[in-house]
Amino acid sequence: MTTPADTAQSLAQTSKDQAPLTSSEAAILATSSVSDAAILPTSDAPRGQSAAAAPGASELARTKIALLGALKHFPDFPIPGINFIDILPLFQDPAIHETLLRALELQVLEFGEQAKPDVVVGLDARGFLFGPSLALRLNASFVPVRKKGKMPGPCVTAAYEKEYGTDFFQMQEGAVKPGQKVLVVDDIIATGGSAAAAGTLVKQLGGELMGYLFILEIAVLNGRSKLGGIQTVTLLETNE
């Protein structure tokens with residue numbers, strides 16, 4: 001039986017010599033409980049080029065098979081009626097971890113050839129799990145966004161609403177320079193409030209917010225509506 005780690009190891013060995021998707025791989029993607037609309041939507045592909053023909057689309061599809069197989073689901077957590085999707089297994093196997101970083105790197109290509117970020121901003125706290133590694137791959141700096149009172153020195157602050165009240169994010173002054181292109185990353189976009197606050201901080205410091213990148217999207221919560229029309233890319237999508 002092929003495990004997600006086996007699939008990931010195969011990806012690492014063949015990423016430079018990609019073949020078209022096999023029928024079985026296409027079937028896995030088509031029947032998955034997680035939508036793969038983020039592989040490369042036709043509307044986001046270069047003009048005159050289909051999503052399937054876009055560079056990296058085949059490799060990205062294969063990475064998603066491995067990542068989907070590694071996710072764990074916990075029903076009725078943290079409260080009854082919630083199906084919790086756990087991304088932490090993506091970091092427990094080196095091959096899967098490498099596959100995740102490669103998939104995120106490929107997703108950044110959706111922002112365009114001239115849109116390579118100068119700065120990757122990661123949200124507290126799971127954006128810290130992969131943000132620094134992705135930044136290193138992109139030859140960009142990494143800047144954390146943290147809860148209010150967690151960082152020393154002068155900071156800029158932005159508020160966002162949570163189910164139980166208002167919370168605050170902060171970023172250190174000078175961490176983003178005026179005019180720098182910034183990509184904001186986090187593990188999941190749900191309601192979108194915290195991601196929007198991070199975008200506000202980037203703008204306060206004079207950065208150019210080029211987009212948002214997430215591992216997982218809970219589309220039914222429509223978090224994108226809070227992001228002001230800024231380009232948003234996700235690896236995986238679920239209504240669970």
Side-chain angles (χ1 to χ4, degrees), residues 37-38 41 44 60 67 87 90-91 100-148 150-151 155-162 166-219 221-238:
D44 288 340
L60 182 55
L67 297 175
I87 69 160
L90 300 179
F91 303 94
L100 172 64
L101 292 174
R102 177 56 179 161
L104 291 169
E105 186 179 14
L106 288 170
Q107 292 280 209
V108 172
L109 297 179
E110 289 198 24
F111 292 96
E113 288 295 328
Q114 304 304 316
K116 183 178 177 182
D118 301 306
V119 181
V120 172
V121 165
L123 273 63
D124 192 343
R126 292 192 176 186
F128 302 168
L129 291 175
F130 61 93
S133 298
L134 179 61
L136 193 60
R137 281 177 174 247
L138 299 173
N139 195 31
S141 63
F142 176 77
V143 173
V145 168
R146 298 212 64 191
K147 297 291 182 67
K148 186 177 180 179
K150 297 293 185 179
M151 289 193 296
C155 295
V156 291
T157 304
Y160 65 99
E161 296 301 320
K162 302 183 72 172
T166 302
D167 211 339
F168 299 89
F169 265 162
Q170 290 187 320
M171 186 184 296
Q172 289 177 314
E173 290 184 6
V176 173
K177 306 296 189 298
Q180 285 188 312
K181 292 182 291 187
V182 180
L183 176 67
V184 174
V185 304
D186 200 11
D187 64 331
I188 294 175
I189 176 172
T191 62
S194 58
T200 297
L201 293 174
V202 169
K203 294 174 183 178
Q204 286 184 36
L205 293 177
E208 177 188 337
L209 182 58
M210 58 172 279
Y212 295 91
L213 177 62
F214 304 95
I215 294 175
L216 188 68
E217 178 174 10
I218 304 176
L221 297 179
N222 195 28
R224 291 176 183 243
S225 65
K226 294 185 179 178
L227 302 183
I230 300 296
Q231 186 173 0
T232 301
V233 176
T234 61
L235 271 177
L236 308 169
E237 179 182 313
T238 180

What pair of heavy atoms forms the shortest contact from Gln170 to Leu201, and how long is it? C-CD1, 3.8 Å

List the steps and the verdict of side-chain contact (heavy atoms from CB on, under 4.5 Å) for Leu134 and Val185. CA-CA 10 Å; Leu134 179 61; Val185 304; 4.2 Å; yes

Treating Gln204 as the side-chain partner and Thr157 as the backbone partner, does any N or O pair qualify as donor plus acceptor under 3.5 Å? yes

Quick check for you: to the nearest 0.5 Å, what is the distance between Leu104 atom CG and Leu60 atom CG? 9.5 Å

Tell me, with the steps shown, if Val233 and Leu213 meet side-chain contact (heavy atoms from CB on, under 4.5 Å). CA-CA 5 Å; Val233 176; Leu213 177 62; 4.0 Å; yes

For the atom pair CG (Leu101) and CG (Leu90), what is the distance rounded to the nearest 0.5 Å? 10.0 Å

Going by heavy atoms in the side chains, are Val202 and Met171 under 4.5 Å from each other? yes

Report yes if some heavy atom in the side chain of Val121 is under 4.5 Å from a heavy atom in the side chain of Val143; otherwise report no. yes

About how many Å separate CG of Leu221 and OG1 of Thr191, when rounded to the nearest 0.5 Å? 7.0 Å

Ile189 and Arg224 have their tightest heavy-atom pair at CD1-N, 3.8 Å

For Ala103 and Leu235, the nearest pair of non-hydrogen atoms, with its separation, is CB-CD2, 3.7 Å

Can you see which heavy atom on Ser141 is nearest to which on Ala135, and at what distance? O-CB, 3.8 Å

In terms of ring plane angle, is the pair Phe91 and Phe130 parallel, tilted or perpendicular, where the classes change at 30° and 60°? parallel

Look at the side chain of Lys148 and the backbone N and O of Asp167, then say whether any donor-acceptor pair between them is shorter than 3.5 Å. no

Would you compute the distance between atom OG of Ser133 and atom CD of Glu105 and round it to the nearest 0.5 angstrom? 11.5 Å

Rounded to the nearest 0.5 Å, how far does CG of Leu100 lie from CD1 of Ile87? 7.5 Å

Minimal heavy-atom distance between Pro117 and Leu138, with the atoms involved, is CG-CD1, 3.9 Å

For Glu173 and Val156, run side-chain contact (heavy atoms from CB on, under 4.5 Å): C-alpha distance rounded to whole Å, both residues' side-chain angles, the deciding distance at 0.1 Å, then the answer. CA-CA 6 Å; Glu173 290 184 6; Val156 291; 4.1 Å; yes

Sub-4.5 Å side-chain heavy-atom contact between Leu123 and Phe169: yes

Any heavy-atom pair between the side chains of Arg137 and Val108 that's under 4.5 Å? no

When you measure from the side chain of Asp118 to the backbone of Lys181, do you find a donor-acceptor pair of N or O atoms at a distance under 3.5 Å? yes

Give a yes or no on whether the backbone of Thr232 and the side-chain of Thr234 come within a donor-acceptor separation of less than 3.5 Å. no

Would you give the length of the straight line joining atom CD of Gln180 to atom CD of Glu208, rounded to the nearest 0.5 angstrom? 10.5 Å

Step-by-step side-chain contact (heavy atoms from CB on, under 4.5 Å) determination, Leu227 to Tyr212: CA-CA 9 Å; Leu227 302 183; Tyr212 295 91; 3.8 Å; yes

So, for Gly127 and Pro132, which heavy atoms are closest and what is the spacing to 0.1 Å? O-CD, 4.1 Å

Strictly distance-based, threshold 3.5 Å: is any side-chain N or O of Gln231 a donor or acceptor partner for the main-chain N or O of Glu110? yes

